[in-house]
S.K.: 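The structure under discussion is supplied below as structure tokens; questions concerning it will follow.
The chains referred to below are lettered A, B, ... by the order of the sequence lines, with proteins before strands, and numbering in each begins at 1.
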Protein chains: 4
Amino acid sequence: MSTNVLVWSEFLHEKRDARVRSIYPDGMHEAIARGLREADDFVVRTATLGEPEHGLTQEALDVTDVLIWWGHIAHNAVEDEVVERVCRRVLDGMGLIVLHSALMSKIFMKLMGTTCDIKWRDVGEKERLWVVQPSHPIAAGLGEYIEIGAEEMYGEFFDVPPPEQLIFVSWFAGGEVFRSGMTWTRGRGKIFYFRPGHETFPTYFNPEVRRVIANAAHYVAQPGGAAPKFGNHKPLEKLALDN
Amino acid sequence: MSTNVLVWSEFLHEKRDARVRSIYPDGMHEAIARGLREADDFVVRTATLGEPEHGLTQEALDVTDVLIWWGHIAHNAVEDEVVERVCRRVLDGMGLIVLHSALMSKIFMKLMGTTCDIKWRDVGEKERLWVVQPSHPIAAGLGEYIEIGAEEMYGEFFDVPPPEQLIFVSWFAGGEVFRSGMTWTRGRGKIFYFRPGHETFPTYFNPEVRRVIANAAHYVAQPGGAAPKFGNHKPLEKLALDN
Amino acid sequence: MSTNVLVWSEFLHEKRDARVRSIYPDGMHEAIARGLREADDFVVRTATLGEPEHGLTQEALDVTDVLIWWGHIAHNAVEDEVVERVCRRVLDGMGLIVLHSALMSKIFMKLMGTTCDIKWRDVGEKERLWVVQPSHPIAAGLGEYIEIGAEEMYGEFFDVPPPEQLIFVSWFAGGEVFRSGMTWTRGRGKIFYFRPGHETFPTYFNPEVRRVIANAAHYVAQPGGAAPKFGNHKPLEKLALDN
Amino acid sequence: MSTNVLVWSEFLHEKRDARVRSIYPDGMHEAIARGLREADDFVVRTATLGEPEHGLTQEALDVTDVLIWWGHIAHNAVEDEVVERVCRRVLDGMGLIVLHSALMSKIFMKLMGTTCDIKWRDVGEKERLWVVQPSHPIAAGLGEYIEIGAEEMYGEFFDVPPPEQLIFVSWFAGGEVFRSGMTWTRGRGKIFYFRPGHETFPTYFNPEVRRVIANAAHYVAQPGGAAPKFGNHKPLEKLALDN
């Protein structure tokens with residue numbers, strides 16, 4: 001049974017900035033989607049901000065096991081109603097992978113309950129993502145670290161709740177560290193945040209970055225238990241009589 | 001240096017329901033406040049829904065180390081602006097203790113990012129809160145469990161993110177369990193949820209329940225490190241030249 | 001690629017106690033193994049205390065992805081050298097599932113660093129294992145709880161480190177609770193403890209218990225990242241020159 | 001009520017190596033002890049490897065709230081019986097602070113259940129310890145990071161169980177990161193590991209390093225709940241009859 005992945009991105013930088021377009025001529029979402037298609041038997045679709053309902057209709061979400069989100073300059077352009085819809089699907093079990101600057105997307109901030117703010121510096125410096133939980137399946141197939149020659153820097157404090165699992169910690173040449181790969185649970189949904197991917201670098205063509213995203217898609221897609229029932233609840237004795 | 005605690009409650013049941021009034025003639029907030037005053041050298045104030053800005057002005061919050069919240073039937077009557085203000089103070093370091101039915105308050109749901117929903121049954125059954133992390137200072141002075149002769153039942157699944165620390169697990173006579181004492185971090189703020197305290201039972205006069213609330217007030221009030229700075233950040237070399 | 005599971009048990013009660021033999025005529029390990037074989041395409045072998053090196057030779061462990069351990073009355077009969085060998089394989093990435101009374105096995109105590117002690121009562125009372133993390137793949141296919149009509153009681157405090165993931169909490173008719181399904185990481189190995197399975201009850205024929213064990217075998221078998229290198233380490237500049 | 005702290009170290013480098021002696025003429029334990037005495041109203045004693053029973057008699061441990069441990073070249077010279085004794089006291093509630101190279105001490109490895117191995121490089125490079133949990137009282141009074149001009153490097157993977165709280169992450173000039181401040185619970189005891197402190201650098205005179213150690217002593221000293229009872233346990237009904 002294939003995993004259905006929906007890759008969402010703003011698709012704005014690519015239209016406005018020739019440098020970005022030269023790296024991602026088909027859009028960042030297509031580069032991410034291609035990485036997934038080549039990695040495994042995922043069924044991958046894409047959606048972008050400019051589509052009706054941003055391409056995130058109830059019908060689209062209902063058949064999505066994993067939603068991947070990239071955004072940067074248009075977080076506020078995402079309709080609140082769509083954010084609510086995505087949020088409900090995550091709580092109901094859809095996996096969510098949040099990439100790079102999507103840390104300040106409405107959906108991520110809402111699920112975290114914090115500002116999700118960071119330090120940053122965009123000079124294209126060396127980043128090393130060290131694996132600090134090598135037991136984790138998201139690290140499968142990697143070496144001890146991923147090195148990216150030039151990326152935007154993100155620095156601590158990263159204002160998110162302490163993660164349930166911390167998988168990567170980034171070192172930056174300029175003197176900062178960052179918790180770059182983290183998981184959280186919300187309702188029946190699993191969330192993975194992964195740091196790399198500034199639009200002016202070809203990060204989403206990096207084979208190790210692609211490996212992490214594919215591993216994470218498998219991880220957050222894993223089905224869990226039954227949907228809980230809430231509300232007034234009969235005691236054991238009564239249940240025993242009824243059954 | 002004393003810890004400043006602000007006890008907030010709806011103060012509605014006590015006015016509308018003679019049974020509740022007979023238990024808490026001065027309001028539930030006063031019973032909770034008295035427990036704190038008798039426990040230690042806290043400076044304790046109270047505030048209720050009916051006051052201007054619900055008694056939660058910026059000035060009031062600015063001098064508050066720990067906010068204790070009890071609500072049940074009027075969650076939606078709390079102004080969104082006040083919820084935002086409380087949320088900012090928690091992220092900035094104010095401790096928050098959320099009691100019983102306040103699990104569906106706007107402020108708690110916002111900080112958790114989930115529905116916070118539960119199972120419940122109000123027949124006045126026996127509850128035992130077992131200590132499952134005896135190393136924790138919130139359990140100081142307690143035995144192995146707290147027994148409450150009659151309380152409302154809350155049952156799992158409790159739709160909150162997995163806690164950072166799980167201190168109490170409740171057993172209910174009717175067949176359910178509940179994670180009854182949990183902590184989370186949001187920003188620089190520490191949050192403690194504590195289950196007992198339905199308005200129709202004299203739970204907030206129970207010496208062990210009072211002990212837990214006093215312990216928790218000390219715990220969430222502990223000051224942390226510096227307020228993080230966010231935004232564009234100079235690299236190490238530049239800093240070195242500047243300093 | 002199939003997952004190789006090795007089911008280990010003492011195989012002593014079954015020989016000494018007619019009641020146990022009547023429930024598990026081929027041994028508890030065979031009942032557990034059969035559950036796995038019927039659940040999925042696992043390759044399942046068994047080993048018992050009485051075999052040379054307890055059936056846990058280096059060769060046997062080297063081809064094992066997941067080791068399942070049941071023990072009760074003969075923990076001390078397990079050779080320290082074998083315990084060391086199993087421990088090394090766990091740290092190197094072999095999954096470990098520890099069942100019921102195996103909580104006081106040498107291998108589990110060594111990996112936990114605590115006494116692993118509990119309360120207990122063997123009167124055959126009702127147990128309900130509530131799912132408190134429905135997002136977890138170990139809960140897949142289950143309802144909101146598993147009910148077992150008669151089991152031995154285990155009660156808190158269970159002296160293990162706070163788990164990384166808490167999946168099940170048991171309710172017992174006599175008044176206790178227990179953290180019944182928990183995971184921890186040690187080195188590159190994943191560990192799952194699962195409470196039910198006293199030798200005088202047919203628990204390992206229960207379809208839901210079998211489902212949990214099969215789910216857990218998949219979970220702890222998931223491969224992680226590269227084996228870390230330790231020791232003296234060259235700086236980045238030197239590495240750059242070398243590469 | 002003052003907190004009783006016992007600072008233990010090998011006290012070998014200082015006798016054998018003139019460079020170390022010039023930095024720590026009274027021994028590293030005395031530098032650490034002095035930092036505590038100046039920080040707060042701790043009652044501080046010291047003990048060293050060469051004393052009878054390494055200065056860690058049952059009597060000494062019984063009056064100790066917090067044990068601080070520094071070791072490097074003589075881990076194996078610590079008697080197993082003493083390690084067992086210290087371990088029992090930690091499980092019974094004594095706080096433990098493990099410094100720098102003490103990560104490979106018998107007591108820490110025993111409590112962790114892992115190899116505790118690391119990468120290292122001793123060239124005296126710049127280290128920055130970033131605060132990644134500013135809510136934590138161990139970070140109180142600090143800025144966003146601690147900078148140490150020259151220290152030994154420790155690099156990931158650090159083979160310990162994922163911490164319950166991650167407070168500091170170190171950046172090293174040579175390209176590595178390290179989880180430098182972490183807490184774990186074992187039994188009723190709280191454990192804090194803190195990275196800095198190679199014997200050839202004056203790290204334990206650094207005011208911020210001293211602040212962290214003092215904060216941590218308060219943190220791990222916090223008393224918890226009652227000592228759990230283990231073993232055969234009567235059901236609720238029976239208890240009700242008896243009481």
S.K.: To the nearest 0.5 Å, what is the distance between CH2 (B:W130) and CD (C:E176)?
M.R.: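 Result: 5.0 Å between the selected atoms.
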S.K.: Of the backbone (N, CA, C, O) and the side chain (C-beta and beyond), which part of C:V132 lies under 4.5 Å from a heavy atom of chain B, both, or neither?
M.R.: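 It is both, since atoms from each part get that close.
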S.K.: Relative to chain C, which segment of B:V169 carries a heavy atom at a distance below 4.5 Å: side chain, backbone, both, or neither?
M.R.: both
S.K.: Contact part of C:S170 toward chain B, heavy-atom cut-off under 4.5 Å: side chain, backbone, both or neither?
M.R.: backbone
S.K.: For B:F172, does its backbone N or O pair with a side-chain atom of C:W171 as donor and acceptor, under 3.5 Å?
M.R.: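 Indeed, once roles are kept as given, a pair shorter than 3.5 Å links the two residues.
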S.K.: What part of B:E144 is in contact with chain C, defined as an atom under 4.5 angstrom from a non-hydrogen atom: side chain, backbone, both or neither?
M.R.: side chain
S.K.: Looking at CD of C:Q133 and CD of B:E156, how far apart are the two atoms once the value is rounded to the nearest 0.5 Å?
M.R.: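 C:Q133 atom CD to B:E156 atom CD measures 11.0 Å (nearest 0.5 Å).
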